[in-house]
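Everything on this sheet refers to the single structure shown next.
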Amino acid sequence: MINLEILNPAQREAVLHTDGPVMILAGAGSGKTKTLVTRIMYLLEELKISPFQVLALTFSNKAAREMRERVSAEINMDIGALKLTTFHSFCSNVLRSEASYIGLSRNFTIYGDSESKAIVKTLMSRHGISPKETSPFEILRYIDNIKNNGHYIGREIVNPAVVDPEDEFYTLYQEFEAELAKANAVDFGGLITGVIQLFEKHPDVLDRYCKRFKYVLIDEYQDTNRAQFTLMEKLSSVQRNICVVGDEDQSIYSWRGADIRNILDFEKIFPDAKLIKLEQNYRSSKTIIEAAAHVIGNNELRKGKSMWTENPDGEVIHIKELGSDKDEAAFISQEILSLSDSGVEFRDMAAFYRTNSQSRILEDYLRTNHIPYRVVGGVKFYDRKEVKDLLSYVRLVVNSRDSLALSRIINVPTRGVGAVSLRKIEDLAVQNSVSLWKVMEDIVDNPDNYKHIRLSAKVKSSLRSFVSLIQEVCLLNENKAKPSAIYEKILFESGYWDHLRASSDYESQARMENLEELQSAIVQYESDAEDPSLLGFLETITLDTTKEEDDQNNGQVSLMTVHGAKGLEFHYVFVTGAEENLFPSFQSVEEGGERIEEERRLFYVAMTRAMERLYITFAQGRLLFGQVKFNGPSRFLNEIPEHFYSWDKPTGNRSNSSFSKSKGNDWDEVSQAVNYDEPVFEVRSVVVTAKYPKGSRIRHAIYGEGSVIQSDGSGSDEKVTIKFSDGSRKKFMVKFAPLTII
DNA sequence: CACCGTTAAGTTTTT
DNA sequence: CTTAACGGTG
C-alpha cells in the first residue's frame with residue numbers, strides 16, 4: 001500500500017492524475033523526485049501496471065539511477081523491466097533492436113562531440129574552408145540545431161527558417177550524415193532523430209512501442225529539445241498518458257537545443273492537459289526562497305509560479321565584496337574553516353562558479369588550508385588523449401568501418417605510417433568506396449596489387465603487424481573474450497604501454513596511471529553488466545560520463561559549475577564570481593535579451609541550492625586571461641531586495657595608483673599590501689574615471705560610430721574594445737586611437 | 001616523419 | 001595564465 005499521506009495536496013494530485021496528459025511544474029526543492037517516484041509506484045502497485053509498460057525518461061544517468069534506486073527500495077517487485085533511463089540510452093536501444101529497418105548495422109558506434117568535430121574538420125578541409133574564417137563549432141552548431149529540431153536526411157524541411165536547403169552549410173550537413181553512415185556511426189542528436197525517422201517510416205514499429213508503453217513520464221522537461229518533444233509525442237500518441245515534469249525557471253541548457261517553448265506551449269499542444277504546480281519549497285529558508293523569487297521574477301519567459309515555504313526566515317544572504325579573486329578564495333577558505341570549527345560537516349558545504357577555470361584558484365586555497373574538497377565534473381576522464389587513443393583501438397575492433405578511430409591510432413604509437421602514407425590509403429578507400437580498414441587488409445593480403453602507390457617497406461611491414469594485431473583482437477572479441485583481457489592485449493601488444501614507459505617524464509607517468517584506471521573501469525563494468533561485451537562497454541561510457549567518485553561524497557567540500565549543481569542541495573552554499581561579464585557571462589551580456597534570462601535562471605538555480613546559508617561573493621578586480629578586469633557586481637545582486645542581504649565590503653583596500661599600474665603578477669603583491677584606511681570606493685572610481693568607460697558611445701576617425709563594450713586599465717594604459725555599428729569588434733590603445741565621445 | 005617553438009584565442013556541457 | 005594548433009627545422 002502506498003502512503004499518500006506524506007504528500008501535500010498538489011503532489012498527491014500529481015500522483016493520482018494518471019489519465020491523459022499532465023504537466024507538473026515543479027519549483028526548486030518542491031519534492032519533484034519524491035512525487036515522480038511515488039507516481040511510478042502508484043502505477044505499478046495500485047493500478048497494477050506491469051513495469052514493462054512504463055517508460056520514464058530522464059536526461060542524466062545520475063537522475064535515472066537515483067530514481068530507480070528509490071523505486072526499488074520502496075516497492076516489493078522486480079522492476080528490471082521498467083524502462084527508466086535517459087533519452088539517449090533509450091533511443092540507442094531502440095535503434096540497435098530495430099537497426100535493420102533503417103539500414104543501420106546494430107554494432108554502430110556512437111560519436112561524441114569530439115568525433116563529430118573531427119568529421120566537420122575533415123569536411124571543411126575538403127571544401128577548402130579555413131577554420132579561421134569559419135569555426136568548426138559554427139558548423140557543428142548548425143548541424144546540431146538541425147537535429148535538435150527533429151530534421152533528418154530524407155525528411156522534408158521542417159522549418160525553412162531553421163534550414164535553408166540552398167545554404168552551403170546544409171551541404172556540409174548532408175555530407176556529415178554521409179560520413180556517419182559510411183562509418184556505421186550515429187551522433188548524439190542522430191540517436192533521437194534516428195528513432196523519429198524509424199517511427200515515421202515504419203508505423204508498425206511505432207505502433208508496437210505505443211502499445212507497450214501505457215504510461216510515459218518525462219523528467220526535466222524544460223531541457224527537452226524539439227526532436228525529443230516529437231519523439232515523446234509519437235510515443236504517447238495512442239495511450240495519451242503522458243506526464244511531463246519540469247521547471248521553466250531552471251531551463252539552463254538552451255544553448256544545447258533545449259526549447260523552453262516545449263514547456264510554455266504544452267497546453268496549446270495538449271489542450272486537455274492538466275496543469276499542476278508544485279510551489280511549496282521544502283529545501284531553503286524563507287529568506288533564500290523569497291530573494292530567489294524576486295530575481296527570477298524579472299524574467300519574461302515563464303509561466304509563473306509563486307514559490308513559498310513554511311520554513312523559518314533563517315539568516316540574511318551574505319553578499320561579500322572582495323578585492324581580488326585571491327581574496328575571494330581566501331575568504332571562502334576561512335569561512336569554511338570557521339564553519340567546520342563550529343561543527344558543520346565539509347560535505348554540507350559547496351562552492352559554485354560560472355566557468356571551470358575559476359576552480360583552480362579555489363582549489364589552491366583549499367589545498368593550502370588542508371580543506372578536503374572534490375571537484376565535480378571538470379576535465380573529463382574519457383576526454384584524455386591516452387584514454388581516447390586506447391578507446392579508438394576498441395572502437396575499431398567493435399566497428400571496423402570506424403575510419404575516424406582507425407586514422408587516430410594508425411600511427412599511435414608511431415609506427416612510421418604518417419600523414420603522407422595515410423593520405424594515400426585514404427585516397428584508395430575513396431576510389432574503391434570501401435572502408436579504410438578494408439584497404440589496409442587488402443594491402444597486406446595482396447601487396448602486389450598496390451605497387452603503383454609506392455609505400456615504403458617500413459610502412460608495409462608496419463601495416464602487416466598492425467592489421468594482424470587488430471584481426472587477432474577481433475577474433476577474441478567474436479569469441480566473447482573478456483573485455484578486460486582484450487584491452488590488455490591491445491595495450492601491451494600495440495606498443496602503447498612501452499611507448500609511455502620509455503619516456504620517463506611526469507606526464508607519461510600520469511598517462512600510464514590513467515590507462516590503469518581505464519582498465520579498472522572495464523573490470524568494474526564486467527562485474528556490473530549482465531552480458532559484458534566491448535560494444536556494451538563503449539556504449540556505457542559514451543552515454544554515461546559520470547565518474548564513480550562523483551556519486552559519493554566522503555566528507556568533502558564540493559566544487560562545481562552552476563550547471564553541475566542543478567538538482568543538488570547543500571546546507572551552506574557559496575556562489576562565487578557574481579560579477580558582470582562573468583555571471584552573467586560577457587557573451588550573454590553582449591547578446592542580451594533571452595541570453596540574459598538564461599543567465600538569470602542560472603543564478604536562480606545557484607541560489608536555490610542553499611538550504612540554510614547562502615554566500616554570494618564577488619571580486620572588484622579579477623585576473624582573467626592574465627589581465628586584471630574590473631567588472632563590477634553582477635546585475636543580479638541589484639535584483640535582490642535590500643532587506644534580504646548584508647553586503648560586506650573588504651576590510652582593507654589598496655590605493656588607486658597602485659591599482660592602475662598593477663598588472664600580471666604585481667597584482668599579487670598589491671593584493672597583499674593592504675591599506676586599512678581608505679574607503680573602498682576609491683578602487684571602483686578607477687573604472688569610472690576611465691576616459692571611455694564601458695557603454696560610452698564613441699566615434700572612431702576611420703571606423704565610424706560604435707560603443708565601448710570593454711574597458712581595461714586606465715591612464716596611458718587604457719585599452720578599449722569597441723563594437724561598431726556594422727557588428728565588428730576592435731581593440732584599441734586609447735592613447736593612440738583617434739576616438740571622440742559622442 | 002618527428003619534434004619543438006611560436007602564436008592565437010579562450011562559456012556553460014545532462015547525452 | 002593556460003592550451004591547442006600550426007609551421008619550421010632536424
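A note on names: the letters A, B, ... follow the listed sequences, proteins ahead of strands, and every chain is numbered from 1.
For the pair A/Asp144 CG and B/dT13 C1', the computed distance is 11 Å after rounding to whole Å. Here B/dT12 presents its P atom at 17 Å from CZ of A/Phe352, a figure rounded to the nearest Å. Protein atom CD of A/Gln358 is 15 Å distant from nucleotide atom C1' of C/dT2, rounded to whole Å. A/Asp219 has its CG atom 15 Å from the C1' atom of B/dT15, to the nearest Å. Distance, A/Arg384 CZ to C/dT3 C1': 15 Å, rounded to whole Å. At whole-Å resolution of the value, CZ in A/Phe586 and P in B/dA9 are 13 Å apart. Here B/dT14 presents its P atom at 16 Å from CG of A/Asn225, a figure rounded to the nearest Å. A straight line from CZ of A/Phe137 to P of B/dT12 spans 11 Å, rounded to a whole angstrom.
Nucleic acid contact for A/Ser585: base, since at least one base atom lies under 4.0 Å from a heavy atom of the residue. If you check every strand for non-hydrogen atoms under 4.0 Å, A/Lys121 touches sugar and phosphate atoms only. Backbone-only contact: A/Asn61 has heavy atoms under 4.0 Å from sugar-phosphate atoms and none from a base. Nucleic acid contact for A/Glu539: none, since no nucleic acid atom lies under 4.0 Å from a heavy atom of the residue. Residue contacts shown for A/Lys117 are limited to sugar-phosphate atoms, with no base heavy atom under 4.0 Å away.
Checking side-chain atoms of A/His563 against main-chain N and O of A/Ile252 turns up a donor-acceptor pair under 3.5 Å. Within the 3.5 Å criterion, the main-chain N or O of A/Leu543 finds a donor-acceptor partner in the side chain of A/Asn61.
Judged by the 6.0 Å distance and 45° axis criteria, A/Arg609 is not positioned over the aromatic ring of A/Phe352.
Ranking B/dT13, B/dT14, B/dT11 by closeness to the A/Asp223 side chain, first place goes to B/dT14. For A/Asn356, whose side chain is taken as the heavy atoms from C-beta onward, the closest listed nucleotide among B/dT13, B/dT15, B/dT14 is B/dT13. Between B/dT14, B/dT13, B/dT15, one nucleotide has an atom nearer to the side chain of A/His563 than all others, and that is B/dT13.
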Next on the checklist: Could you go through A/Phe603 and A/Phe583, starting from their C-alpha distance and side-chain angles, then the distance that decides it, and tell me whether this counts as ring-ring contact (aromatic ring centres under 6.0 Å, His included)?
Outcome noted: CA-CA 8 Å; A/Phe603 200 82; A/Phe583 197 177; 5.1 Å; yes
Next on the checklist: Assess the residue pair A/Glu328 and A/Arg622 against the criterion (salt bridge (Lys or Arg N to Asp or Glu O under 4.0 Å)); give the C-alpha distance rounded to whole Å, side-chain angles, the decisive distance to 0.1 Å, and a yes or no.
Outcome noted: CA-CA 10 Å; A/Glu328 183 184 48; A/Arg622 178 178 298 270; 2.9 Å; yes
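A donor-acceptor contact under 3.5 Å is formed by the side chain of A/Arg354 with the base of B/dT12.
In terms of position along DNA chain B, the nucleotide closest to A/Leu602 lies nearer the 5' end than the nucleotide closest to the other residue of the pair A/Phe59 and A/Leu602. Of the residues near DNA chain B, A/Ala258 and A/Arg595, the one whose nearest nucleotide (by heavy atom distance) lies more toward the 5' end is A/Arg595.
Ion pairing of A/Asp402 with A/Arg395 is present here, as a side-chain N (NZ or NE/NH1/NH2) and a carboxylate O approach within less than 4.0 Å.
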Distances under 3.5 Å only, N/O to N/O: pair up the protein atoms with those of nucleotides 1-3 of chain B.
residue	atom	partner	partner atom	Å
B/dC1	OP1	A/Gly418	N	2.7
B/dC1	OP1	A/Ser421	OG	3.2
B/dC1	OP2	A/Val420	N	2.9
B/dA2	OP1	A/Asn411	ND2	3.2
B/dA2	OP2	A/Asn411	ND2	3.3

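For A/Phe87 and B/dT15, the ring-to-base geometry does not satisfy the stacking test (centroid distance below 5.5 Å, interplanar angle below 30°).
No side-chain donor from either of A/Asp247 and A/Tyr221 sits under 3.5 Å from a side-chain acceptor of the other.
Remark: A/Lys629 is not in phosphate contact with C/dC1, judged by side-chain N or O atoms under 4.0 Å from OP1 or OP2.
To the nearest 0.5 Å, atoms OG (A/Ser421) and CZ (A/Arg415) are separated by 13.0 Å.
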